[in-house]
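Below is one structure, written out as structure tokens; the observations come after it.
Just follow the structure's listing: the first ligand is 1, and inside any ligand the first atom is 1. What's counted below: heavy atoms across the whole structure, side chains too, no hydrogens, waters or symmetry copies.
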Amino acid sequence: MNNQNNLQARDSFATRLGLVLAAAGSAIGLGNVWKFPYITGENGGAAFILVYLICIALIGLPVMVAELSVGRKAGKSTVSAFKKFAPKSVWITGGVTGVLAALLIMFYYPVIAGWAFAYVFKSLFSGLTTLSPEGIGEFFGNYISGIEEPIFWQLVVVIITCWILVGGVKDGIEKWSKLLMPTLFVILVILVIRSLTLQGAAKGVAFLWYPDFSKLTMHGVLTALGHSFFTLSLGMGIMVTYGSYVSKSEDLSKTAIMVTIADTSIALMAGLAIFPAVFAFGFEPGHGPGLVFVTLPAVFSKMPLGSIFSALFFLLLGIAALTSTMSLTEVVVAYLVDEHNWSRTKSIITTGIVFFIFGVPASLAMGPWAELKFFGLNYFDLLDYFSSNILLPLGGLLVALFVGFRWGVQGAIDEVSNGGKIKSSFINLYGFVIKYIAPVLILIVFLNALGLLDKL
Ligand code: PFF
């Protein structure tokens, strides 16, 4: 079986559309629909969005191109790719941090994805949107601190993800991304139209579009920088792994630009689906994680056919999460296949079991195990903090430095321009940005995550 694996041609994306949708599917996730709206709400709306867009352009896009090019050049997933370029060196850390981050994120991400799927049914059949706003808050608190139900839905997410991946790249990831991403888009358009046509929606639009710089703090700027990593799925080898499934004729910078635009547009659209409705019914925008699971059902409860819109919203959230869990799982699976010669099926089953076993405490941390703290954080928050704030920036920093100083800008540009065939002003600027600008900015995010900039 192992030998057979090695001899088989590497599975790959069949079409550019498939690649773009799969990479966009990875990028578009809870970060866009759940996190982006509430951090925008907390940090002053449009002023924050402006900074976020600059971060996406200055570090997100170049690092994505860097990751895709490392993966395609090596033809290997993340750890093996670094090994191939720089055998027996510390650069392998760039790959190891990615696999580790994917593992840790997959311990907690399916918990929230599971809530989303559960809420589809709660909206339709449990009268969620008939409760009072206080009742909805209480319902959420009781639900997430429960034991069997959230764990059941978490398991469902892990199983569906693994089942899709068994199909491979072309017949699993690509096929499902082509179905799920357009579905997600259609649902989002319906919700944006509903939200924008409510009386009083204009206030929410103003909140998103008129910058109030007095509300923007240094903390907000650093949040924007950090989020640009998480939302684009960078720093953890996903784009390296996906890059290894891309044909040599593909235009990598074009792919990355399309993925970045799709990710940013969906985040902004999610804002447009949420804030106008929140303001129209007189709710407060900056509501932390509860914005989506408490404020929104309360908003839906005030509109005709609210239960249907609520179910659609949570389906959107669930789908967005699922296309991201596919990519997170693929990083670990591809690592086991490439590095340890395991069969794909064995890798997927083992990975799924590990995700579930180490994921259960993340669900319990919302209830019975909430007081179990490590470094002052419960298990769920610790996983989120360590993976998003430490491992992702570290992984991104290593990729940027690797491309800028080890592989060398010339080699990287050669790969990105397909041997000089593609010419663009982006490619001309790319070397400077990846070598100097991106590493400095990422270093700032990293130092901030470690608490070393608190005194500034
Ligand atoms: N980009 C996804 C989101 O915005 O929700 C989350 C994510 C997926 C982060 C995959 C990192 C990752 F590797």
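Taking the side-chain hydrogen bond (donor to acceptor under 3.5 Å, both in side chains) definition, one finds that D381 meets it with nothing, sequence neighbours left out. Every residue two or more places apart in sequence or in another chain that forms a salt bridge (Lys or Arg N to Asp or Glu O under 4.0 Å) with K178 is listed here: E174.
Between W176 and W163, the ring centre distance stays below 6.0 Å.
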Give every donor-acceptor pair under 3.5 Å between a side-chain atom in residues 386-394 and any protein atom, sequence neighbours left out.
unit_1 : atom_1 : unit_2 : atom_2 : d
S387   : OG     : L383   : O      : 2.6
S387   : OG     : D384   : O      : 3.4
S388   : OG     : D384   : O      : 3.0
S388   : OG     : D384   : OD1    : 2.8

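A parallel orientation is assigned to the rings of F117 and W153, their planes being inclined by less than 30° (bins at 30° and 60°). The aromatic rings of F140 and Y119 stand perpendicular to each other, their planes meeting at an angle above 60°, with 30° marking the opposite boundary.
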Give me the pairs of N or O atoms, one from ligand 1 and one from the protein, that sit under 3.5 Å apart.
unit_1   : atom_1 : unit_2 : atom_2 : d
ligand 1 : 1 (N)  : S26    : O      : 3.2
ligand 1 : 1 (N)  : A27    : O      : 2.9
ligand 1 : 1 (N)  : F230   : O      : 2.8
ligand 1 : 1 (N)  : T231   : O      : 3.1
ligand 1 : 1 (N)  : S233   : OG     : 3.0
ligand 1 : 4 (O)  : A27    : O      : 3.0
ligand 1 : 4 (O)  : G31    : N      : 3.4
ligand 1 : 4 (O)  : N32    : OD1    : 3.3
ligand 1 : 5 (O)  : L30    : N      : 3.0
ligand 1 : 5 (O)  : G31    : N      : 2.7
ligand 1 : 5 (O)  : Y109   : OH     : 2.7

